[in-house]
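Scope of the values below: all heavy atoms of this structure, side chains included, with no hydrogens, waters or symmetry mates. On a predicted model such as this, the values are computed, not experimentally measured, just so you know.
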Amino acid sequence: MHPSRYNRTGTSLFLIFSLLAATSASAEETGLINTLTGYNINEITPAPSIKLKFRGWVEAGFTGNPGDPHNRSNFPVAFNDGANQFNLHQVYAYIEKEIDPGRNSWDIGMRADLLYGTDAKFVKTSSFDSTILGDNPKHQLVFPQLYVNLYAPIGNGVSMSIGHFYTIIGYESPMSPNNFFFSHAYTMRYAEPFTHMGIMLSYPVNDNLTIKSGVVTRWDAFSRHSPDYLGGLNYITDDRKTMLSASLITGDVKTGPLNHDHNRTMYSIELERSITDKLHYVVQHDFGIEAGTPNSSSATWYGINQYLLYDISNQLGAGLRFEWFHDQNGTRVMGDGNDEDFIGVTAGLNYKPIAGITLRSEVRYDMAIHHDVFKDGTDNDQILLSGSAILHF
């Protein structure tokens with residue numbers, strides 16, 4: 001795209017999103033179909049009788065890059081990685097029957113998720129859903145979750161998930177509505193797994209502490225080889241204003257022939273604090289190590305993310321994210337064997353004009369400390385102006 005065309009299209013779109021975010025009204029958290037028609041799709045028979053819930057959304061967005069890279073890529077920024085182009089990021093739908101953790105008898109539930117769009121390539125699982133619609137990055141279809149939930153009235157109640165599910169690691173989520181920002185942190189893309197196959201147990205020790213423990217098939221893989229251990233804990237204070245989460249995954253991975261299996265271990269710690277009813281702060285720290293093999297060097301990566309989120313009104317929110325990510329030997333991001341430190345600063349607005357619609361705009365600045373990695377490997381920094389719209393149903 002020619003720079004002058006970008007200035008007209010990208011900047012105009014960004015201004016539209018920002019101007020929309022300068023208005024306020026009141027909206028409920030409900031689907032757009034319900035808002036426009038008053039009809040709740042979850043009241044369709046037999047959904048109420050078997051307690052099934054149908055949910056989903058569609059997200060489309062534009063990411064403007066004034067640097068206008070020839071390869072039309074914002075890499076290593078991920079998810080909104082297409083430069084100066086509109087993309088259909090997510091067509092997402094799921095069916096869920098939740099378990100009741102308060103009951104005194106056994107219960108069974110389930111969840112099945114489907115994701116189509118440019119974001120799908122990031123959460124595909126090898127040997128499971130990685131080639132359903134071929135290799136075109138804009139036309140991927142994946143099933144990021146497909147599991148059964150079991151509840152056993154043992155002690156305070158044991159919940160078990162069996163199947164394919166999202167990781168418990170990290171603060172940000174592949175599901176768009178769960179994130180304040182349109183773009184994602186380096187830690188979420190390069191430091192953590194996205195999905196697992198396996199079994200996870202969850203047990204509430206008391207009203208404050210919940211522990212999780214399970215066995216899974218490595219990172220983003222359906223594999224018959226040696227499993228990984230995945231566990232964590234969540235602690236929330238009595239006033240519900242502070243929550244501490246910690247998670248860890250460890251086990252062998254295969255990056256070469258079978259006899260080159262080697263250990264990979266990483267942990268994540270997140271602290272969330274409601275400073276006031278409107279002002280919220282989050283800090284996350286990730287650390288990972290991977291042993292070397294005859295064909296690859298050892299790896300170490302770690303980072304710190306900080307989020308400051310402010311609810312201006314029931315509809316309008318403002319946010320700031322600052323991140324630093326260190327990739328030793330370039331094994332997680334660039335794959336070039338060079339140490340690199342990435343700095344990212346993102347400022348954004350969220351606006352919900354009516355129930356069922358979320359508009360997000362952001363300005364993001366990225367810098368690589370040691371090498372030129374942006375704009376086809378010619379610059380050490382870049383600026384992105386982005387906006388997306390999420391339509392919930």
Side-chain angles (χ1 to χ4, degrees), residues 1-23 32 56-92 115-123 136-141 172-186 188-189 315-321 323 344-354 356-366 374-376 379 381-393:
M1 181 177 288
H2 191 275
S4 63
R5 185 179 174 188
Y6 162 77
N7 289 336
R8 293 194 302 270
T9 305
T11 305
S12 297
L13 181 74
F14 180 77
L15 289 174
I16 289 171
F17 274 97
S18 298
L19 288 172
L20 282 170
T23 315
L32 186 59
W57 57 86
V58 176
E59 181 189 33
F62 177 88
T63 299
N65 187 332
D68 196 29
H70 294 300
N71 63 5
R72 303 198 70 187
S73 174
N74 299 319
F75 178 82
V77 173
F79 285 77
N80 62 326
D81 53 327
N84 302 324
Q85 55 186 282
F86 290 93
N87 281 310
L88 178 62
H89 286 270
Q90 296 192 2
V91 178
Y92 202 110
L115 167 60
Y116 172 83
T118 58
D119 288 1
K121 62 181 180 288
F122 296 107
V123 297
N136 189 321
K138 289 193 175 184
H139 304 288
Q140 294 278 315
L141 175 67
E172 296 186 7
S173 168
M175 296 183 287
S176 294
N178 291 2
N179 307 293
F180 184 91
F181 294 102
F182 179 29
S183 66
H184 283 283
Y186 288 99
M188 186 265 196
R189 172 63 184 95
Q315 283 183 274
L316 180 61
L320 181 66
R321 177 180 63 201
E323 55 178 311
V345 182
T346 308
L349 294 170
N350 277 199
Y351 175 59
K352 300 177 181 179
I354 61 173
I357 297 179
T358 302
L359 304 176
R360 301 188 293 182
S361 63
E362 67 175 51
V363 180
R364 173 168 177 155
Y365 174 75
D366 289 271
F374 302 103
K375 194 182 177 182
D376 312 311
D379 281 348
D381 65 352
Q382 75 175 0
I383 295 176
L384 301 178
L385 306 177
S386 307
S388 77
I390 305 174
L391 309 180
H392 308 257
F393 57 84

Taking side chain to side chain contact (heavy atoms under 4.5 Å, CB included) as the definition, give me every residue that meets it alongside Tyr116, ordered by chain and number, with sequence neighbours left out.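 Counting only residues at least two positions away or on another chain, Tyr116 forms a side chain to side chain contact (heavy atoms under 4.5 Å, CB included) with Leu88, Val91, Leu133, His139, Leu141.
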
What's the spacing between [X] [atom1] and [Y] [atom2] if we round to 0.5 Å?
X      : Y      : atom1 : atom2 : answer
Asn74  : Thr63  : CG    : OG1   : 6.0 Å
Phe182 : Arg364 : CZ    : CZ    : 11.0 Å
Phe181 : Asn350 : CZ    : CG    : 8.0 Å
Gln85  : Arg72  : CD    : CZ    : 4.5 Å
Ile357 : Leu391 : CD1   : CG    : 5.5 Å
Phe79  : Glu59  : CZ    : CD    : 10.0 Å

Heavy-atom closest pair, residues [X] and [Y]:
X      : Y      : result
Asn80  : Ser386 : ND2-OG, 3.4 Å
Ala83  : Ser73  : CB-N, 3.8 Å
Tyr186 : Val77  : OH-CG2, 4.2 Å
Lys375 : Gly67  : CE-O, 3.0 Å
Ala185 : Glu172 : N-OE1, 3.1 Å

Verify whether one side chain among Asp119 and Tyr92 offers a donor that lies under 3.5 Å from an acceptor in the other.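 No.
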
Do any N or O atoms from the side chain of [X] and from the backbone of [Y] form a donor-acceptor pair under 3.5 angstrom?
X      : Y      : value
Asp81  : Phe75  : no
Asn179 : Ser173 : yes
Glu362 : Gly387 : no
Asn87  : His89  : no

Is there a side-chain contact between [X] and [Y] in this structure, where contact means two heavy atoms from C-beta onward sitting under 4.5 Å apart?
X      : Y      : answer
Asn84  : Asp68  : yes
Trp57  : Ser176 : yes
Pro174 : Phe122 : no
Lys121 : Thr118 : yes
Leu320 : Val345 : yes
Tyr351 : Thr358 : no

Let's go through Val58 and Gln90 carefully: what are the C-alpha distance in whole Å and the side-chain angles of both, what is the deciding distance for side-chain contact (heavy atoms from CB on, under 4.5 Å) to 0.1 Å, and is it a yes or a no? CA-CA 6 Å; Val58 176; Gln90 296 192 2; over 6 Å; no

Arg360 charged N/C atom sitting above Phe180 aromatic ring, 6.0 Å / 45°: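 Not satisfied by the 6.0 Å and 45° rule.
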
